[in-house]
Amino acid sequence: MTNETPDNTPAEPADLTPGQHDLGATLSSEPAAIAEPMQAPESVAPVAPESAVPPASEPVASAAPEPVVQPEPAVPPASESVAAPASEPVAAPVEASATPGYDANPYPAAPAYPGAAAYDPRAGTAPAQQGAHDFAVGAHAGAGPQPTGAYPVANHAGAYPTSAYGMPAAPAPKKPMSKGLLFGLIGGGVVLVLIIAAAIIVPLLLRAPAQTASGVVEGYLTALSEGDAETALTYVETYADESLLTDEVLAASLELAAITDIVVEESEDIGDYGSTLVSASFAIGGETVEREFEVYRYDDDWQLYDGLVTATVSSFEGLGLTVNGVEPGDESVSLFPGTYQLALAYEEFAIDADSDIFTIATDDDSEQFWDLQPVLTEDGAADFRSLVRAAVEECVAMKTLSTPCGMDISDIDLQGYTPVEDSVTRTITTEGQKDLDEMEPDISYSSPTLVSTYDSVDVDITLQGKKDGTTAEFDVWFGGYMNSPSVDFSAETPTVTWD
């Protein structure tokens with residue numbers, strides 16, 4: 001491929017030094033070899049003849065030229081577009097390479113003079129395009145003498161705006177941040193720092209200290225003194241009915257006798273596993289209690305082995321027993337150390353004790369319940385006697401050989417005589433009247449609401465007997481005994497039954 005020089009191309013200026021070539025000279029179509037390092041000329045020279053371009057296969061070493069000082073280009077007014085003078089010749093375009101994969105014109109001709117047809121940011125005009133791309137000579141076109149051997153550097157159109165001297169235009173000044181935004185960012189940063197600090201510091205402040213056996217005992221007694229059954233239960237293990245381990249029962253206990261003056265001795269370290277005894281003293285209703293608590297630890301689990309007291313209340317089954325106003329769920333119950341008042345649902349019964357209020361602090365105190373028994377109150381005993389008397393008088397009034405309360409003489413031996421029905425007369429003796437008045441009721445162990453008596457009532461009995469048409473009167477000396485009366489006070493209407 002050859003380049004032809006137009007007829008009107010002027011001859012090469014005489015002041016070029018040997019080895020120098022005009023910047024407008026056409027480069028070889030081979031992109032791997034550059035004909036000659038270029039230097040910024042003082043003026044634009046016409047295109048060199050084809051013989052001035054060395055073959056691509058033989059790179060020509062450039063001679064060290066003397067630096068050429070570029071003239072300072074005049075800056076056009078902002079309102080005018082920068083364009084190349086009409087009198088300056090324009091380099092002929094290079095024919096595209098036929099080699100696939102390469103740019104059609106990798107090394108186009110440079111502008112006629114530095115700054116020509118450059119983009120003026122003040123005027124907002126773009127340079128005239130030569131081919132597909134606009135190229136500047138060297139690293140800084142128009143900025144001063146260019147070093148020899150510098151390769152042309154491509155500046156793709158539209159990628160970066162350039163000044164009239166070929167340098168990138170200065171960026172637009174940034175809008176200063178408003179004070180409100182600045183203060184908002186600062187304030188937000190402070191709030192964020194405070195939130196992070198709170199997230200770290202507050203949990204540390206609220207974190208409970210390392211647990212100890214003494215701490216377990218003190219925490220337990222403190223919870224009891226404050227009526228906090230839920231917290232107290234976190235320190236203990238239960239082995240019986242828990243129906244009385246409530247805030248209601250504990251509140252009644254503290255009302256009867258407050259828990260105060262808690263003192264717990266320091267305990268030894270028991271490691272991750274083991275148990276120890278912790279001595280403590282506290283007052284219940286002003287009475288000082290001194291005892292030891294057994295605390296065991298299994299890893300992070302701390303428990304009071306003997307924090308609760310187990311009591312048995314089986315003697316009051318069916319009587320509607322309440323402890324501090326709450327009915328137990330079973331005959332064996334767990335209790336917090338404290339004070340408890342026992343009551344029964346029937347006014348005929350009472351607890352056989354000097355008082356119905358009991359203070360429980362240790363397992364030994366639970367022995368008080370072992371001997372507790374229900375008894376009839378005086379009114380209850382009177383009710384029982386009254387019911388029995390009425391039943392006895394009803395039976396005595398009957399003329400029949402047999403009655404609901406016993407005194408059956410239907411099989412009595414009358415020495416050959418047959419007892420006559422409706423001929424029986426029964427009379428309560430003076431001794432019998434006394435028996436009724438002093439009858440001693442007994443409460444059944446299996447059914448405490450059932451009251452009976454072992455006392456008997458003296459009654460005289462007479463009857464008639466017939467033999468061969470003859471009637472005779474008989475006194476009963478043996479037999480005709482009254483059955484034992486019982487009254488179940490749990491019935492809606494208590495009545496006497498006979499056994």
Side-chain angles (χ1 to χ4, degrees), residues 315 318-320 344-352 373-499:
S315 298
L319 289 174
L344 302 176
Y346 302 98
E347 61 184 7
E348 292 86 3
F349 298 90
I351 296 172
D352 186 16
Q373 296 294 332
V375 294
L376 280 172
T377 62
E378 291 184 1
D379 291 340
D383 290 343
F384 175 76
R385 295 186 186 105
S386 177
L387 291 171
V388 171
R389 176 181 282 276
V392 169
E393 290 176 350
E394 182 180 356
C395 287
V396 168
M398 294 179 178
K399 296 293 185 175
T400 59
L401 296 176
S402 178
T403 67
C405 55
M407 295 182 289
D408 187 358
I409 54 174
S410 57
D411 293 332
I412 193 171
D413 182 9
L414 296 180
Q415 298 177 357
Y417 283 78
T418 303
V420 178
E421 185 67 44
D422 295 329
S423 67
V424 181
T425 300
R426 299 177 179 90
T427 305
I428 302 174
T429 65
T430 303
E431 188 67 25
Q433 295 290 346
K434 185 178 179 181
D435 293 336
L436 288 173
D437 293 338
E438 298 177 354
M439 184 173 289
E440 189 67 31
D442 291 316
I443 296 176
S444 171
Y445 285 103
S446 59
S447 301
T449 58
L450 186 64
V451 181
S452 59
T453 184
Y454 293 100
D455 296 338
S456 61
V457 178
D458 188 21
V459 177
D460 287 340
I461 303 175
T462 63
L463 78 162
Q464 293 178 354
K466 284 186 177 182
K467 180 181 178 183
D468 300 330
T470 305
T471 302
E473 191 82 17
F474 294 90
D475 293 327
V476 178
W477 292 351
F478 302 99
Y481 301 111
M482 185 183 298
N483 293 337
S484 297
S486 297
V487 176
D488 187 357
F489 285 97
S490 65
E492 184 175 356
T493 301
T495 58
V496 177
T497 59
W498 299 91
D499 297 321

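Keep in mind it's a predicted model, so treat the numbers as computed, not measured. In this chain, numbering begins with 1 at the start of the sequence shown.
- Summarising the geometry of T462 relative to D475, their closest heavy-atom pair is CG2-OD1, 2.9 Å, with the distance given to 0.1 Å.
- Here the shortest heavy-atom pairing between G465 and L414 reads CA-CD1, 4.1 Å.
- Taking the six-membered ring where tryptophan is involved, the planes of F349 and F489 are perpendicular, since the angle between them exceeds 60° and thus also 30°.
- When every heavy atom of G432 is checked against every heavy atom of V457, the shortest pair comes out as O-CG1, 3.7 Å.
- Counting only heavy atoms from C-beta outward, the side chains of P374 and P448 approach each other to under 4.5 Å.
- Within 6.0 Å of CD in Q415 there are 12 or fewer heavy atoms belonging to other residues, nucleotides or ligands.
- Here the OH-CD1 distance, from Y481 to I461, works out to 9.5 Å after rounding to the nearest 0.5 Å.
- The salt bridge (Lys or Arg N to Asp or Glu O under 4.0 Å) search around D411 returns none, not counting sequence neighbours.
- Between I443 atom CD1 and E348 atom CD the span is 10.5 Å, to the nearest 0.5 Å.
- Remark: E393 engages R389 in a salt bridge (Lys or Arg N to Asp or Glu O under 4.0 Å) (not counting sequence neighbours).
- Evaluation of the salt bridge (Lys or Arg N to Asp or Glu O under 4.0 Å) rule for R385 yields no partner, not counting sequence neighbours.
- Rounding to the nearest 0.5 angstrom, the gap separating the NZ atom in K466 from the OG1 atom in T418 is 10.0 Å.
- Using a 4.5 Å cut-off on side-chain heavy atoms (C-beta onward), V392 and L436 make contact.
- Side-chain contact between Q373 and Y445: present, with at least one pair of heavy atoms (C-beta onward) separated by less than 4.5 Å.
- Minimum heavy-atom separation, S444 to S446: OG-OG, 3.2 Å.
- Closest of all the heavy-atom pairs between D458 and D435 is N-OD2, 3.6 Å.
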Extract all donor-acceptor atom pairs below 3.5 Å that involve side chains of residues 398-410 and protein atoms in other chains or at least two apart in sequence.
{"from": "K399", "atom 1": "NZ", "to": "T425", "atom 2": "OG1", "distance (Å)": "3.3"}
{"from": "T400", "atom 1": "OG1", "to": "S402", "atom 2": "O", "distance (Å)": "2.5"}
{"from": "T403", "atom 1": "OG1", "to": "C405", "atom 2": "N", "distance (Å)": "3.4"}
{"from": "T403", "atom 1": "OG1", "to": "G406", "atom 2": "N", "distance (Å)": "3.3"}
{"from": "T403", "atom 1": "OG1", "to": "G406", "atom 2": "O", "distance (Å)": "2.4"}
{"from": "D408", "atom 1": "OD1", "to": "S410", "atom 2": "N", "distance (Å)": "3.0"}
{"from": "D408", "atom 1": "OD1", "to": "S410", "atom 2": "OG", "distance (Å)": "2.9"}

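- Residue-environment remark: CD (E347) stays at or below the threshold of 12 foreign heavy atoms within 6.0 Å.
- The distance from atom OG of S386 to atom CG of D379, rounded to the nearest 0.5 Å, is 12.0 Å.
- Panel note: side chain T453, backbone D455; a donor-acceptor pair is recorded below 3.5 Å.
- The side-chain hydrogen bond (donor to acceptor under 3.5 Å, both in side chains) search around S456 returns none, not counting sequence neighbours.
- Residue pairs meeting the salt bridge (Lys or Arg N to Asp or Glu O under 4.0 Å) criterion with at least one partner in residues 477-499, sequence neighbours excluded, are absent.
- Side-chain contact between I428 and V396 is present, with heavy atoms from C-beta onward closer than 4.5 Å.
- Considering only heavy atoms from C-beta on, S486 stays 4.5 Å or farther from V451 through its side chain.
- Considering CH2 of W498 and SG of C395, their distance stands at 5.5 Å, rounded to 0.5 Å.
- Looking at heavy atoms from C-beta onward, I412 lies in side-chain contact with L463 at the 4.5 angstrom threshold.
- Taken to the nearest 0.5 Å, the CE atom of M439 stands 6.5 Å off from the CZ atom of F384.
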